[in-house]
Colleague: 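To start, I am sharing the structure in question, which I have written as structure tokens.
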Amino acid sequence: MSIKVSFDYIQPEMKVNFDDFVDKVKDIDKMINDRSGLGSYYLGWLDYANKISKDEIDQIINKANEFRKNYDTLVLCGIGGSYLGAKAAVDALRGFKNKDKMEIIYFGNILDPNYIYEVYEYLKTRNYCICVVSKSGSTTETSVCFRLIRDLLEKKVGKEKAAKAIVSITDKTKGSLRKLSDLNKYSTFDLPDNIGGRFSVITPVGLFPLACCGIDIKELLNGIKAGMKEYSSNNIYENQAYQYALERIYLYNKGYKVEMLATYENRLNYFKEWWKQLYDESEGKDGKAVLTTSATFTTDLHSLGQFIQEGNKMFYETILYIEEPTHDMVVPHDNEDYDGLNYLEGKKISWINEKAYLGTLMAHYQIANNPNITITVSKLDTFELGRLFFFFMKACAMSGYLLGVNPFNQPGVEVYKKNMFKLLGKPGY
Ligand code: PA5
């Protein structure tokens, strides 16, 4: 078992008693599997990894290889669920300075004119291709940015060559992006109707950009399948995804309204952004929900750390800790030892990081009295990342139903869009 959930650092009175929830968890699990709960149409992600055809996977890999051969830069144009999962995975697997030949730029996820200008100017110097992702096909941020770089590309290489450099991922039949793609004969992959954006990283929405970045998507799917198996039990004593879900809602009901997900690795920073969207968009309804926030330790221990140790007690912590790093280094010897570090000579950085993790757990649990859920992952590779995505998705379904909301809609997201459309003068608003 390479993902381990532990409640060892939760105060006894804050620890959920599984015995009290055996039946409730079984009932919800049945509702999930029978697809009889609120919003259950959107449970398509539950078994998608088993349903995606070999043909579709091959098409994704072939098109991605064509992009890798012909271009040096991929612009991934999408917002929210239409890019966060891919960025989370690319960052988690490629790290700080990726050495892969394909550069990836995330675009269409903000209306910041400076960023848009800067990317546009930079793209003038790049041999780029585009992957545009939008389920609705009409999201303003994505559509406006796509129009800009499509236009630039068409002016640079002509309409026909530009069309070959564009892949769109959208609804099979509906929406303006579908129409535009069909008219221009872009290559397309379908975003299944029964999978919401925040659950779509396991579909072409995540798979295609990852394949473009040289990531083995078959291995990611294998990890997802392992997660499907591992988190399939309706027994709360066996299903760790459900245990995590149950404890978070238990703490919420005890007055902890905020969950802080902390990691000890920079490469997981966007994984936390993906996780925030998954939980906030799924649960933030009917005046309820745990508010998610995140931190990167030890960096944030030098800023947020003061608040975590001695500030307002509205939150609990969830620590996502990777036991074995992909790369490591050793502290070298220094003859003078003016910095007084020779006591660490020969020690691995990962060993020091681990001591920081354990020391922080003690400080936050024992001294600050904060509840800490720990989730340890043995090693973060493509397979384990797939499993981890599925772990949090399955937990989210249980958690949302325990909270009593529909975890699969997002009516609140539409409100700002409608107001903005009105102000923009969009026809029909
Ligand atoms: O999870 C969601 O549903 C949202 O984050 C959407 O993915 C986001 O709003 C983008 O929407 P679309 O894919 O329709 O452009």
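Both ligands and their constituent atoms are indexed starting at 1 by order of listing.
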Colleague: Run the ring-ring contact (aromatic ring centres under 6.0 Å, His included) test against F391 and tell me which residues pass, sequence neighbours left out.
Modeller: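 Only Y231, Y244 meet the ring-ring contact (aromatic ring centres under 6.0 Å, His included) criterion with F391.
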Colleague: If the criterion is any heavy atom closer than 4.0 Å to an atom of ligand 1, which residues make the list?
Modeller: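 Contacting ligand 1 under 4.0 Å are I79, G80, G81, S82, S134, K135, S136, T139, G197, R198, Q277, E281, Q410, K417.
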Colleague: Give a yes-or-no answer on whether the side chains of Q11 and N369 include a donor-acceptor pair shorter than 3.5 Å.
Modeller: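 Yes, because at least one side-chain N or O of Q11 sits under 3.5 Å from a partner of the opposite role on N369.
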Colleague: Is it true that S136 and T139 share a donor-acceptor pair across their side chains at a distance under 3.5 Å?
Modeller: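 Their side chains do contain a donor-acceptor pair, which is all the 3.5 Å distance test asks for.
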Colleague: Once side-chain hydrogen bond (donor to acceptor under 3.5 Å, both in side chains) is applied, do any residues pair with D8, and if so which ones, sequence neighbours excluded?
Modeller: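 With sequence neighbours excluded, D8 shows a side-chain hydrogen bond (donor to acceptor under 3.5 Å, both in side chains) to S6, given in chain and number order.
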Colleague: Please enumerate all residues that pass side-chain contact (heavy atoms from CB on, under 4.5 Å) together with V144, with sequence neighbours excluded.
Modeller: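 V144 satisfies side-chain contact (heavy atoms from CB on, under 4.5 Å) with T140 only.
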Colleague: Does any N or O in the side chain of K135 come within less than 3.5 Å of the main-chain N or O of L191, such that one atom is a donor and the other an acceptor?
Modeller: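 Side chain of K135 to backbone of L191, a donor-acceptor pair under 3.5 Å: no, none is there.
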